[in-house]
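Computed from heavy atoms alone, side chains included, the values below leave out hydrogens, waters and symmetry copies.
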There are 2 protein chains.
Amino acid sequence: VVRAIDVVKEYGTGDNVTQALKGANLNIFRGEYMCIMGPSGSGKSTLFNMIGGLGTPTSGMVFIDEVDVAQLDSYELAWLRCRKIGYIFQSYNILPVLTAMENVSLPMLFAGMNPDDAREKTYELLKRVGIAHRAFNRPYQLSGGQQQRVAIARALANDPAIILADEPTANLDLKTGEEIKDMMKQLQEEDNVTIICATHDMKMIDICNRVVWIVDGQVTKIENREDI
Amino acid sequence: VVRAIDVVKEYGTGDNVTQALKGANLNIFRGEYMCIMGPSGSGKSTLFNMIGGLGTPTSGMVFIDEVDVAQLDSYELAWLRCRKIGYIFQSYNILPVLTAMENVSLPMLFAGMNPDDAREKTYELLKRVGIAHRAFNRPYQLSGGQQQRVAIARALANDPAIILADEPTANLDLKTGEEIKDMMKQLQEEDNVTIICATHDMKMIDICNRVVWIVDGQVTKIENREDI
Ligand SMILES: Nc1ncnc2c1ncn2[C@@H]1O[C@H](COP(=O)(O)OP(=O)(O)OP(=O)(O)O)[C@@H](O)[C@H]1O
Ligand SMILES: Nc1ncnc2c1ncn2[C@@H]1O[C@H](COP(=O)(O)OP(=O)(O)OP(=O)(O)O)[C@@H](O)[C@H]1O
Ligand SMILES: [Mg+2]
Ligand SMILES: [Mg+2]
């Protein structure tokens, strides 16, 4: 469902070029749960941005459902990000001026859902991640892990076919992390959602199908979880 | 070295009061390595803010070296935060307009160090946390874990007697996290630094002396690590 071919991503110019990705190759199958591991600074988040159509590779190609992401016009790209991919950012990126409720229902409204349905569905999602009781708080009023859970709920807003989760449990205690893990596994098994998860959290790896190792901007190893 | 007595912290007013802390009691000994654990939203970061003099309790008292923090005037408080306590925030709080180098040397300059010494010491700290090669990048150019390491280096800028670390390894891969763990242990053993660490990262707990459990704004249990 996702194919990355020789993806290179450079930042900066002239003498100051940083090569975040140096030719990443990856094939992700529909309904698979893939974990991406690698040292800090190795390129995980950058790879996610490329896969999620949130940036253009310096070179190389990314295909989602066999469609070359670089060929999409801005409408098609927006549709892709709104409907097909649910993105859990490493730094949450929830809007500070909106409440938890508003943050999660916004994508639904963009997708054309009517406000009443959106509100109801949002409430269900907030319950699912255990923060329904803080629905009307803004991010600054929420703890780190509570903000992270708002970000997770928002990623699920439009029932995406693909979830890109960047360290989704980094700020969660073990118990809450377990709940999120079970939720992700359930999404994969019951809804055939493809989950791509960058993490160093072993319990998230426990439930994946394959693990991809990325070091210094390149995919160095791909193995089946059973073999680890 | 730190004493918290019946610390209550409420946010909001009228009907909308959130009780982040409901009477936290804690005694932390000099040179001790204490881990604070608890569910997401249980009050860890709030407790840190109270201990670190970054907010005023709604009621209750905090003593640092037997000095009632509430009695300090703004100069004394600033001195405390600048010189005595090194704070690693859960959300890093590194200044986006400054480079890594500038972020880490700023507290040194505030403390009166001359710029050349500050630059040199900063470089040593950045090396220690493994990001000297990114010294001149701004936060947006750094990965999540790289930003976290800048925050850690900054906390060490003025050789604090107390380090308040709020999820210091949340975004770090296992190897880098190990290095940070070893560094903290070394600080405690060689420099007798008092370390108070909120975390759900087991390896950070491995090296602590005592574990404090906080649930729903109250300290529920304190145990020696050996007993766990
Ligand atoms: N806008 C940018 N400008 C310059 N360099 C960048 C930029 N964004 C990322 N980088 C660099 O690209 C490299 C890869 O970053 P990336 O965020 O993908 O790493 P990561 O694997 O997600 O790290 P972490 O585990 O710490 O989150 C890093 O060295 C980072 O400093
Ligand atoms: N400014 C604020 N206004 C209202 N409520 C707040 C505010 N800051 C914190 N809270 C609430 O106080 C409680 C404790 O928050 P705190 O950040 O201390 O939890 P925590 O233990 O650090 O959580 P986490 O592990 O998720 O980081 C939470 O329920 C939070 O929503
Ligand atoms: Mg990252
Ligand atoms: Mg916290």
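A search for side-chain contact (heavy atoms from CB on, under 4.5 Å) contacts involving B/A4 returns B/V7, B/L26, not counting sequence neighbours. Applying the side-chain contact (heavy atoms from CB on, under 4.5 Å) test to B/L106 and every residue at least two apart in sequence or in another chain returns B/L95, B/L98, B/F110. Legend: residues meeting side-chain contact (heavy atoms from CB on, under 4.5 Å) with B/A165, ordered by chain and number and at least two apart, are B/I88, B/I163, B/P168, B/M184, B/C197.
With chain B as the partner, the residue from A/A170, A/G145, A/G144, A/G177 showing the most heavy-atom pairs under 4.5 Å is A/A170.
In this structure, CG in B/L174 is found 5.5 Å from CE in A/M37, a value given to the nearest 0.5 Å.
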Quick one: donor-acceptor pairs between chain B and chain A, under 3.5 Å, side chains and backbone, table format.
unit_1 : atom_1 : unit_2 : atom_2 : d
B/S40  : N      : A/D173 : OD1    : 2.7
B/S40  : OG     : A/R149 : NH2    : 2.8
B/Q90  : NE2    : A/N171 : OD1    : 2.8
B/R149 : NH2    : A/S40  : OG     : 2.8
B/A170 : O      : A/H200 : NE2    : 3.1
B/N171 : OD1    : A/Q90  : NE2    : 2.9
B/L172 : O      : A/H200 : ND1    : 3.1
B/L172 : O      : A/H200 : NE2    : 2.8
B/D173 : OD1    : A/S40  : N      : 2.7
B/H200 : ND1    : A/L172 : O      : 3.1
B/H200 : NE2    : A/A170 : O      : 3.1
B/H200 : NE2    : A/L172 : O      : 2.8

